Every structure is written in C-alpha cells, then in structure tokens.
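A short worksheet on the structure shown next.
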Amino acid sequence: MHVGHPLGYIASDVVARFKRLQGFNVLHPMGFDAFGLPAEQYAIETGQHPAVTTDKNIERYKEQLKNIGFSYDWDREVKTCDPNYYKWTQWIFLKLYDSWFNPKTNKAESIDNLITLYEKGKKNQFGKPWNELTETEQQKELTQHRLAYKDESYINWCEALGTVLANDEVVNGVSERGGHPVERKLMSQWFLRITKYADRLLEGLETVDFSDSLKEMQKNWIGRSEGASVNFKLAEHPDNVVVFTTRPDTIFGVSFMVLAPEHPLVAQITSNEQKTTVADYVNYCKSRSELERKSETKEITGAFTGAYVQHPFTGKNIPIYVAEYVLMGYGTGAIMAVPCGDSRDHAFALKFGISIPNIFEGVDVSEKAYEEKTGKIANSSCDWFSIDGLTVQEAKQKVLEKLEDLEIGTKQINYRMRDAGFSRQRYWGEPFPISYKNEIVVADSLENLPITLPEVKSYKPSGDGKSPLSTIPEWVNMSNGNIRETDTMPGYAGSSWYYLRYMDPQNPDAFCEKQKSDYWQQVDLYIGGAEHAVGHLLYSRMWCKVLHDLGYINFDEPYKKLVNQGMITGPSQIIWRYNGTSDESKHSIWNTMPKIVNDIFNERYFIPFDKMYPIFFSSELIEKHETLRSNSSQLYIPIGNPDENKIVDINELYNYSIEKFEGVYVTEDGIFYKQRWIRNVGTPKFLSTLIENEKLSKSKLNTINPDDIVRSYGADAFRMYEMFLGPIEQSKPWNTKGIDGVSRFIKRFWDYCIDYDGTVLLNNEPANEASLKIINRILNKTKEDIEKYSFNTCVSSFMICLNELQAQKCRNREVFEKFLIMLSPFAPHTAEELWHRTGNTSTIIDAVYPSINEKYLKDSTFNYPISINGKTRTLMLFPNDASENDIKKAVLADTTVQKWIEGKTVKKFIFVKERIVNLVV
RNA sequence: ACCCGGGUGGUGGAAUCGGUAGACACGCAGGACUUAAAAUCCUGUGGCUUUGCGGCUGUACGGGUUCAAGUCCCGUCCCGGGUACCA
C-alpha cells in the first residue's frame with residue numbers, strides 16, 4: 001500500500017463517522033476483489049497456491065488499514081475468491097444464462113417466457129415450428145437471446161508462451177513478458193449481452209450523481225449513434241450492399257462505396273479483371289497486425305473491385321472499393337463514401353482520383369472535407385426528389401422518410417460497445433457452473449453451487465490455449481458423462497455485485513435477502529479511482545439492472561453518488577544511462593563518444609577501462625547535449641531526497657547496488673569512476689538528477705508507505721493531511737514536509753487542552769458570545785463542507801477555529817467538547833482520547849453532532865468594501881438595518897472617499913446589501 | 001484528431017449568486033527562549049514602487065459583456081485524463 005491508496009478510504013471514513021454522529025445507521029464495509037492475474041502470475045512463479053498468497057496479502061493489507069483507524073464493519077468483509085461468495089457469483093451467472101432481453105418490455109425476463117413465445121408461433125431461424133426442432137436447434141435459437149451465451153470470438157494467442165493474453169498483456173503487438181509475437185485466434189467463449197442494455201445504461205446516467213467526465217467516458221464507450229441503414233442495389237448482381245450512415249442527408253454526395261477487406265461480398269462481386277488486385281490487397285490486410293493497422297493511419301490503401309452499385313436516387317453507377325479504413329466490426333462493414341463531407345473519404349478520393357461532388361451550399365471542398373453539421377444542402381436532387389436548401393437536420397429526416405417509403409432503408413441505431421467477453425483461460429477465477437453433453441450446454445442446478453475450484457498441480461497454462469483446469473481429467477469428466485467448462489470467469493464477475501453482499505454477507509440461502517436490500521437501498525457514496533470508469537462500473541450497472549428486472553432487488557442503479565478520487569503523485573528521481581551499442585563502448589569513453597567528451601570538456605580525453613561499464617550522465621549535460629538525450633534512457637533511482645535537491649551522491653548509488661550502478665559517471669565537474677575522479681575540478685561527487693512528479697508506483701521507486709508516515713506522525717495527522725492536500729477529485733503531489741502543518745495543529749490542540757503533567761486545562765465556566773460564535777460557525781461550515789465532499793476546507797476551518805479560540809483565550813469545556821465531536825471523523829484517535837480525559841465515559845463514536853445555533857451564524861453589522869470605479873479603497877462598518885440613504889451619506893462624507901472623488905462627479909452609487917458599495921465617478 | 005477536466009504566490013491550495021484575490025498551511029526571512037541545537041512562540045512574506053502613509057500591477061495569453069470578472073462570453077496556448085481509421 002502506498003499513500004495514494006487510502007485517500008478514498010479516508011474520505012469515506014470521514015463521511016461514515018460524520019453520518020453516524022448525525023444519527024444515521026451507516027453501512028461502511030471493506031472487502032477484497034481477490035481473483036485475478038497478479039495472484040495467478042505469482043503462483044506460476046513461486047508454485048504457491050494463489051489462495052494462500054492472496055490470504056497473506058489480505059492479512060497484510062488489513063493490518064495496514066487498521067493502522068489508519070478506519071471504522072469498517074469487519075463482520076461484513078467479503079472476499080470474491082471465497083466459495084461462500086462465488087457461489088452467488090455463479091448463481092447470478094446462471095440467472096443471466098436463463099434470461100433474455102425482451103425488447104417489448106425493455107427488460108430481462110426468464111428464458112421460459114421466450115420459449116412460450118416460440119411455442120405460440122414466434123419465428124425462429126430454422127423456419128420450422130418450435131416443437132419440431134431438435135434440442136440442438138432449440139438451444140441454438142435460445143443462444144441468440146440469452147444474456148450469457150457462448151460464441152466464437154478472437155483472442156490474443158501467444159504460441160511461444162502457450163497461453164491466451166489479456167489486452168493489457170499485449171504491448172505493441174507482442175507479449176509484454178518476453179516480447180513474443182501474438183496472433184488473433186478464433187475461440188469459443190462466453191459473453192454477456194450487455195449491448196441489449198446500451199440504452200438503459202445511457203438513460204440511467206441521468207439518474208445518478210457521477211462526475212461529468214465519468215458520464216462522458218461511459219457515453220463514449222457505449223458510443224450510440226443514430227443513423228440509417230441503406231440498401232444499395234448492386235449493378236449486375238442480385239445482392240445488395242447494406243451500409244450504415246449517420247448522415248443520410250449526404251446521400252447525393254456519394255461518389256464511391258467502400259467494403260471492409262473481410263466483408264463477405266468482396267469475393268462474390270469482384271470482377272474478373274480485378275480479381276488479382278483485390279486478392280493481393282485482401283492478403284496484404286490480413287498480414288498486417290492490429291498494431292500496424294492502428295499506427296499507420298495516414299497511409300491510404302485500397303483496391304477497386306470492378307463492381308458497381310446503383311445510386312437509389314440518381315440511378316448512376318457508383319464504384320465499389322475495398323479498403324482497410326473500413327472495419328468489419330463496426331456498423332455493417334460497408335460505407336457509402338461522401339468525400340465532400342468526411343475527411344477519410346476525402347483523402348481516399350484524392351488518392352484514387354475519384355470525383356468529389358459538393359453538396360454543401362457556399363463551401364469549398366476541393367482542399368478538405370466539410371465536416372460541420374451546419375449550413376444548407378445543395379446539388380441534391382433528381383427528377384422526383386430534392387433536399388436542396390434544407391438544413392442538415394431537415395434533410396436527414398426527409399431522406400430517411402423517403403428511404404423507408406422506397407423500402408430500401410430504415411432508421412438504425414448503432415453502438416460502439418460490444419458484448420462483454422466473459423471467459424478467461426485461467427486458473428484463478430470463478431469456475432463456470434456449466435458442462436457440456438454432446439456439445440449442448442448444460443447448466444448446473446442451483447442446489448449444486450458452489451462449483452469449487454479444484455486443486456491443480458501446475459498453475460501454468462495448459463499450452464493448447466485452455467485453462468489449467470483442463471489438465472485435471474477427474475474434474476473435466478463428470479460422473480454423468482458430461483464435460484466441464486474449463487474456462488473461468490473474468491475479474492469483473494465478482495466485483496459486479498459485491499455491494500449487495502455487504503448488505504447480507506453471511507446469508508447461505510440468498511445472495512442478499514430482498515428485505516435487506518430494500519432497507520439499505522443503493523450505495524449512497526462510492527469513492528473510487530477513474531480507472532474503473534468503463535469496465536467495472538458499466539458491468540456492475542448492467543448486473544444491477546438484470547437483478548432488478550428479475551425482481552431480486554428494487555433499484556436499477558447500484559451507485560447513487562460516485563466520486564473519483566484523484567491520484568496522489570510523488571517526486572521520482574531519474575538518472576540517464578547512455579545506450580551505446582556493445583561495439584562502440586569498448587574500453588574507453590573516448591572510443592565511445594569522442595565528440596561528446598570533446599563537446600563537454602573541450603578537449604580529447606582518453607580513459608582506459610579494465611572492462612565494459614555502463615555510462616551515466618548528469619542531468620545538466622543531458623539538457624545541453626541533444627545527442628546525449630536521444631541516445632540515453634531514463635533510470636529511476638531509489639536513493640536521495642527528491643524533495644530537497646536534485647543531486648545524488650554517486651558513492652551512495654554504488655553502495656546501494658554495485659551490480660546496477662557500477663559504471664562511469666560523467667558530470668560537468670568531470671568523470672568519476674571507481675569511486676574517484678579521473679578528471680576532476682575538485683568539487684564533490686554528486687550527480688545531478690531529474691525530478692519528475694509522477695503517479696506513485698513501485699516501478700518508479702517513488703512510493704511512500706503509509707505505515708512509515710503513521711509511525712512518525714500518527715494516524716490522525718496522516719488522515720488529516722491526506723484530506724488537507726486538496727480537493728478529493730484532483731490529482732495532487734505528496735510532500736512529506738507539508739504534513740508538519742496538520743501535525744502541529746494536532747499537537748497544539750492537545751497542548752491547549754492538557755498540561756504537561758496531564759492536568760486538564762478546560763474549565764466549566766459558561767462560554768462567551770465570541771467563542772460560541774466561532775464554534776457555531778465552524779460547526780456549520782464543517783457540516784456543509786462534508787456534505788459537498790470538500791474535506792480540505794474542513795481541515796482549514798479547524799485550524800482557523802483553534803487559532804481564534806486561542807486568541808480569545810477560550811478554554812470552555814462546553815466549546816471544546818463540540819470541537820472534539822466535529823474533529824472526530826478526521827482525527828478519531830486524538831478526539832477519543834481527549835473526550836475521555838475531559839471526563840466522558842462513553843465513546844465519542846456514539847456522540848451526537850452538536851446542534852447549530854442559528855443566531856450565531858449571522859452578524860448584525862457588515863464591513864462594506866467601499867470601491868470607486870470597481871477598486872476597493874476603504875472599508876466601512878454599517879449595521880445590517882442601516883438604510884441605503886444613510887450609508888450613502890456616510891460614504892460620501894468619508895475622508896478617504898472624499899480624496900478619491902474630489903473634483904469629479906459621482907455618476908452612480910451602487911449599493912448591494914451586505915456585499916459592496918461602488919461609486920462610479 | 002475528437003471528447004472531457006484543468007491552468008490562481010516559491011509550494012499545496014482558498015474565494016457560496018459576478019462583489020475586499022491569495023483564507024488555511026508548507027517553505028523562506030527576521031526575532032524571542034537556549035551555553036548551543038531541536039522543539040515552541042512572535043513578526044513579515046504575490047510582483048514593482050515608496051523612508052513611511054500610500055500608489056501601480058496581478059488569477060496561462062488576447063479580446064468582449066458589466067458599475068464590478070479568478071468566476072460569464074469569444075478566440076489562442078499549455079497541462080492532465082479518455083477515446084480513436086466508429087462511417
């Protein structure tokens with residue numbers, strides 16, 4: 001754990017404790033999403049069972065959490081890898097499998113409802129009555145509708161590692177580990193039909209309190225676009241080309257069609273003359289990796305098929321091309337190209353010499369496409385139809401209606417989001433409660449759950465693309481002759497519903513009793529990182545909707561309010577290592593880089609070395625010499641204090657790790673090698689480094705362990721400082737020095753209440769008006785600020801409050817007890833201890849947030865800033881009930897004001913009650 | 001390229017509806033206490049200018065609206081995040 005992790009936990013703990021003080025019944029749990037790759041990877045490396053290492057890690061993490069004083073209800077702890085938990089993950093999966101999305105009711109229903117519909121005569125893909133279909137055929141049909149279903153899909157297959165890789169294990173087209181080639185391989189996989197929920201996931205966003213950026217990310221991910229599908233009749237061929245377009249208004253601007261290279265029509269329609277060209281091109285596309293297709297976006301490639309479609313309005317022949325810029329996976333894999341309105345089509349037209357008809361009024365499209373959606377349509381008519389002079393919106397509508405009239409197009413909505421892949425060829429995940437009988441899916445019955453993860457000899461992948469489970473014949477081959485599914489579920493399975501389990505963590509008979517979820521309802525506050533924006537958050541929203549549709553819970557959004565905590569960044573320290581090839585860096589720095597040494601020291605210098613060493617450069621040299629920078633790589637170092645200076649002792653580096661840091665150091669002062677200067681100008685042995693503020697991370701060696709902070713400053717100072725750093729959503733740098741401020745505050749608070757000898761310094765005298773005023777105001781501000789998650793300003797207010805009470809010499813118990821209660825969510829240990837020392841016997845956790853006396857929130861006077869032409873010149877105190885006229889008289893008579901308006905006329909007197917007075921002269 | 005955030009002293013940040021910019025801290029400087037140091041306390045601290053009072057200027061940059069702009073509008077630049085041949 002590093003200091004970035006607890007930020008959100010502290011914020012939610014403050015809210016939990018505060019709500020408790022206000023009398024709420026607060027559910028504040030913690031749990032562990034413990035299945036997944038890191039544990040499995042570790043198991044492969046060490047041979048230890050992931051369950052063992054996971055438990056160990058959880059224990060360690062809990063220890064660290066407890067060290068910070070969180071008020072978690074540990075009785076509600078959940079672990080997604082616990083069979084008592086994943087029993088219900090499997091149960092929900094079976095519910096998904098046994099449900100379909102009914103478009104008529106717009107919700108999930110039992111698959112039995114669908115079967116009934118088929119029995120009543122609903123059409124199926126085989127064109128036969130339902131009861132005449134074989135079981136395989138029936139299942140095939142139902143598979144098209146189940147919310148969890150099996151389908152063929154491409155995975156990242158790495159032959160060298162003999163395993164399937166997750167997307168983030170593939171970097172630049174090769175495996176992250178070892179850099180082996182990765183290919184796309186078709187495999188049968190489980191999917192969740194989340195696309196059916198696309199619209200409800202979008203609509204649901206309107207009902208929840210998430211940040212704009214997060215909502216935006218989810219919207220982009222779902223990628224809803226409204227448009228039309230249009231049939232273009234092929235010339236001299238019975239088939240149609242079906243395209244999807246968001247701009248039906250540009251239909252008269254179409255000058256060519258493009259099919260994706262994988263499009264099934266390509267082979268059928270290509271003319272004889274073009275056969276070789278197209279085949280070559282398609283092969284070329286196949287040979288190109290995902291990476292190449294992504295990175296080389298400027299290169300325009302394509303081939304003419306020799307075939308044409310007929311324009312539905314003008315009847316003109318339009319050529320059909322194949323090009324890789326059209327993707328098979330989006331829309332229909334075919335587009336109508338409008339070069340005047342789309343920059344990619346424009347570039348393609350220029351390259352292949354295709355005409356660029358202009359359909360926009362008063363716009364020049366010869367150089368680039370006009371992609372704005374404003375202006376009017378022109379040149380868009382035939383004998384029997386015209387949209388000339390219409391706006392984009394009007395034209396869209398009119399074309400769409402006509403297409404529907406002609407029965408060659410319909411309104412269509414397309415989504416970027418795909419169904420979610422739900423299979424992993426891994427060990428450390430939930431087993432599927434699924435087996436196969438003659439290739440037909442058989443779901444385990446609910447009573448048989450959980451299907452527990454069996455012991456396995458090796459956690460290594462099986463080598464043939466299957467999970468390690470496939471290597472256990474006694475598990476795979478069931479007693480009834482069925483074959484078990486050997487894939488496991490992905491990380492987001494368990495995390496999609498854990499908030500429900502917190503409400504009823506021990507229940508052996510239900511994932512969560514309905515009464516319990518009815519009582520607790522949605523999660524009121526969920527604080528988490530933005531990295532889950534489109535994965536976990538979307539999936540859990542979908543699961544919630546399904547469980548709601550099926551009647552298991554009565555809300556259909558899991559999280560009412562979601563706050564994304566910002567990253568905490570920290571200074572990392574970097575040195576530079578020269579990337580000389582082995583050839584050139586033999587034995588001498590002179591041989592290696594004569595030019596550079598010459599540049600730096602203005603002389604040729606030769607140093608014989610007894611072996612080859614890495615060469616490290618001081619940062620200031622890197623900044624001055626471009627050749628050095630481009631030939632050097634950055635290396636994070638673990639020593640020195642980046643808070644204080646940008647230099648590091650070279651000897652210290654040596655001592656830290658001879659293996660890593662023994663080498664030749666080149667600085668402005670000379671060359672340092674084997675702990676002495678070879679060429680020096682007599683200055684200390686320091687190397688200047690580069691300091692970067694970056695996300696805290698092990699690899700950057702800039703993490704700060706909260707245990708260390710707690711040890712030297714205490715948990716309360718640590719908690720308060722994390723809150724004091726700045727707004728919770730913002731990313732901000734950690735500076736250990738800054739913690740002194742809150743640490744001093746806590747000490748000052750203590751010392752003000754308790755004397756050296758332990759005597760309580762508070763008295764029982766009644767508090768004066770001034771003290772009551774400040775404490776009531778801060779009580780009010782703290783309440784307001786916590787409610788808007790502005791924790792940093794709460795901490796400031798506490799400091800202001802103490803400063804003020806000290807200045808007043810206020811030591812009334814009455815005032816300070818209120819202060820302690822207000823402070824307790826932030827600094828629970830200090831508050832609790834002082835609470836007892838000042839004579840209370842119950843815990844401060846059970847205290848009640850003090851009621852606020854409204855009369856102290858308002859002053860009877862206001863100190864008006866008096867400005868002349870908008871610039872404040874003086875301040876004048878007036879009672880709140882003073883009339884504007886009286887104030888005007890007094891202001892005009894004031895000597896400072898007199899000085900500024902002397903010889904000028906006052907044109908206007910602006911008076912805003914309890915805000916400002918402004919004179920315009 | 002597109003879509004979201006954001007840009008305020010040396011640093012983290014504050015500023016409710018457009019109404020005293022820089023609260024509260026860190027750091028720094030000076031002082032007190034101490035044989036000394038640490039700790040603690042006091043004073044000062046955006047920049048320029050002035051002996052002082054004060055004046056000018058100032059919220060990335062350029063415009064605009066307004067009696068009044070960190071805040072609203074238009075344009076530009078920079079930083080962070082997300083997405084991407086998405087038709």
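Residue numbering restarts at 1 for every chain, and letters A, B, ... go by the order of the sequence lines. As the structure is a prediction and not an experimental result, all values here were calculated from the model.
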Side-chain N or O of [X] closer than 4.0 Å to phosphate OP1/OP2 of [N]:
| X | N | value |
| --- | --- | --- |
| A:Lys908 | B:C67 | yes |
| A:Asn803 | B:A25 | yes |
| A:Lys871 | B:U57 | yes |
| A:Arg744 | B:G27 | yes |
| A:Asn792 | B:A14 | yes |
| A:Arg416 | B:A87 | no |
| A:Gln730 | B:G5 | no |

Distance, [atom1] atom - from [M] to [N], rounded to whole angstrom:
| N | M | atom1 | result |
| --- | --- | --- | --- |
| B:U11 | B:U65 | C1' | 35 Å |
| B:C28 | B:G10 | P | 16 Å |
| B:U40 | B:C26 | P | 10 Å |

Under 4.0 Å between any heavy atoms, over every strand shown, what does [X] touch: base, sugar-phosphate, or nothing? Just pick one.
| X | value |
| --- | --- |
| A:Asn918 | base |
| A:Ile739 | nothing |
| A:Val912 | base |
| A:Ile910 | base |
| A:Arg873 | sugar-phosphate |
| A:Phe724 | base |
| A:Ser796 | base |

Between [N] ([atom2]) and [X] ([atom1]): distance, integer Å:
| X | N | atom1 | atom2 | result |
| --- | --- | --- | --- | --- |
| A:Asn735 | B:G27 | CG | C1' | 9 Å |
| A:Lys747 | B:C41 | NZ | C1' | 15 Å |
| A:Phe745 | B:U40 | CZ | P | 15 Å |
| A:Glu226 | B:A87 | CD | P | 13 Å |

Review point. In Å and rounded to the nearest 0.5 Å, what is the CG to CD1 distance from A:Asp757 to A:Ile754?
Key: 10.0 Å
Revision key, fill the gap. Separation between CD1 (A:Ile786) and OG1 (A:Thr793), nearest 0.5 Å, reads 9.5 Å
Practice item. Identify the nucleotide, in any strand shown, that forms a Watson-Crick or G-U wobble pair with B:G27, with both distances under 3.5 Å; if there is none, say none. Key: B:U45
Hey, can you tell me if [X] and [Y] have their rings parallel, tilted or perpendicular (30° and 60° cut-offs)?
| X | Y | answer |
| --- | --- | --- |
| A:Phe745 | A:Phe798 | parallel |
| A:Phe352 | A:Phe348 | parallel |
| A:Phe313 | A:His311 | tilted |

Practice item. Flag the pair A:Phe304 / A:Phe256 as yes when their ring centroid distance falls below 6.0 Å, and as no otherwise. Key: no
